[in-house]
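Worksheet for the structure shown next.
Heavy atoms only: backbone and side chains are in, while hydrogens, waters and symmetry mates are out. Remember, it's 1-based here, ligands and their atoms both numbered in the order they're listed.
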Amino acid sequence: METKEMTLMQDAQNKHTNDLIKSVAQYESLSEEFIRAGVAAGTIVIPKNFNRTLKKIIAVGTGLKTKVNANIGTSPDHIDIAQELAKLDIAVESGADAIMDLSTGGNLNQIRKEILAASHVQVGTVPIYEAACKTVAKGKEISQIDGDLLFDIIEEQAQQGVDFMTVHCGINKATVEILNRHRRLTGVVSRGGSFLVKCINATGKENPLFERYDKLLQIAKKYDVTLSLGDGFRPCCIQDASDYPQIAELAVLGELVLRARKAGVQSMIEGPGHVPLNQIEANVVLAKKLGHNAPLYFLGPLVTDIAPGYDHITSSIGGAIAASYGVDFICYVTPAEHLRLPDLQDVRVGVISARIAAHAADIVKGVSGAKEYDGQMSKWRKARNWEKQKEFCIDPVKFAKERTKLMASQEDVCTMCGRFCSMRDE
Ligand code: SF4
C-alpha cells in the first residue's frame, strides 16, 4: 500500500516494496527488489503525487525502458483548452508515457486542473511559467518575479496533484556570473532559465529556487512530487553545446540531487538541447557522473540547427544516441519546433518519432523484450503477413494508410518490387 506517512523514496529506503514498485516491476519485467533498490538509491524515480490516482504508472531510470514525454499547453498567442486536451489524448494514444503542461496563455489554473483530471499518465509542469504570467499580468517586468509568489504557485500545483516539476535550481549568482563571462551564439533559450537570469542580473538577488531549496524539498516531500532539475543553460545551438555555463549548472544540479535524496525526495536531471553527434556520449557520461546516476531527462538533443520543420528527426537522431548511452527519459520534439505551437498531427508525429528513438536505444541497452520485438516484426515481414505487421509496428494507423494508397496486383507483396519481391522464397 501507498502511504502518506513517508515519500515513496523513504519507503523504499526502509526496504518496503509498495504497490507502485510492484506495478512498475511487472511493467518492466524486472524484479521488485531491483526497482525498490533503484528508487531507494535514486537511480530510478516513479513520479507520482500523493494526490493523484493513476491507471498507468511509469518509472524512469537505470535498467528500465526508455520513456517518452510529450509537452502540451497554451501560449499567450493561442489559447484553446479543448485543443490542448485533444493533444493530451493524441499524445497518450500515440504512446507518450508522460505529459507536461507548459501553458503560458489563458487561465493556467483551470487548464492545469482540466489536464490533471483528463490525464491517465503522469503530469509535469514548470511552475515558474505561471509565476512569470502572474507577474506580467500585474504590469511588472519578468525580472520582478517574486520568490514568495513562486513558492505559493509550487505549493498550489503540488496540492493539485502535479507528479513532477521542472525547477531551474542550478541557475544561481555563481553560474550566471559564468554565463555572463562566456558569450553564447544563442544565449539562454530555456524560458524558465531566461526568466531567472533576468531576475539575477536585474536585482543582484539569488534565485529563490536555489536559495530556498530546503523549502522546495519540504513541499516536494509533503506531496511526493519528483523534482526535475531543469537545465536552464541548455544550449540552443550546436556551437554553444558543452560550454562553461552548461557544465557549471550541471555541477550544481548534481549537488542538489544529493540533498534531495537525503530529504527522501525523488529527483532527475534535465539535459540539452542542441548537441553535435560527437559530443552526445560525453554529455551523457558527464551528466550521469556529476548527477550521481540520477535519471536523465533529455530534450532531444537536436544534432543540427538547420532543419526547422524536421526537428522531430534531428532530435530523434540525438535522442536515440543519448538514450543508448544511458539517457532514461526523452522529451519529444515536434515538426513545429522553432516555428509555431504544435497542432494535433505534430504531437502525433513527435511522440512516434521519440518512441522510435527510445526503442532503438532500448535494443542497445539490452532492455528486456526490445530486440525480440524487432525479431517478431521481421518474421511477419518475411512472411509478408501484412495484418500482423500492422499489429506489431509502431504506428498501425500510418501503416494501414500507406499500405492501401497503392496496392500491388498480387496481395502478398507491395508495389515497391511487385512480382520481383525478394521476400518471397521462390
Ligand atoms: S515487394 Fe519489395 S519492398 Fe515490398 S515486401 Fe517485397 S521485398 Fe519488401
Under 3.5 Å donor-acceptor, D362 side chain and T66 backbone:
yes

Protein heavy-atom partner closest to atom 2 (Fe) of ligand 1 - residue, atom, separation in Å:
C417 SG, 2.3 Å

What atoms in ligand 1 come closer than 4.0 Å to a heavy atom of S422?
7 (S)

For atom 4 (Fe) of ligand 1, find the nearest protein heavy atom and state the residue, atom name and distance (0.1 Å precision).
C414 SG, 2.3 Å

Roughly how far, to the nearest 0.5 Å, is the NE2 atom of H120 from the CG atom of D89?
8.0 Å

Give a yes or no on whether the backbone of V367 and the side-chain of K65 come within a donor-acceptor separation of less than 3.5 Å.
no

In terms of residue, atom name and distance, what is the protein heavy atom nearest to atom 8 (Fe) of ligand 1?
M423 CG, 4.2 Å

Ligand 1 atoms in contact with M416 (distance to a heavy atom under 4.0 Å):
3 (S)

Cation-pi, Y27 ring and K22 (6.0 angstrom, 45 degrees)
no

Are any of the side-chain nitrogens in R259 or E255 under 4.0 Å away from the carboxylate oxygens of its partner?
no

Quick test: of every protein heavy atom, which one is nearest to atom 6 (Fe) of ligand 1, and how far off is it to 0.1 Å?
C421 SG, 2.2 Å

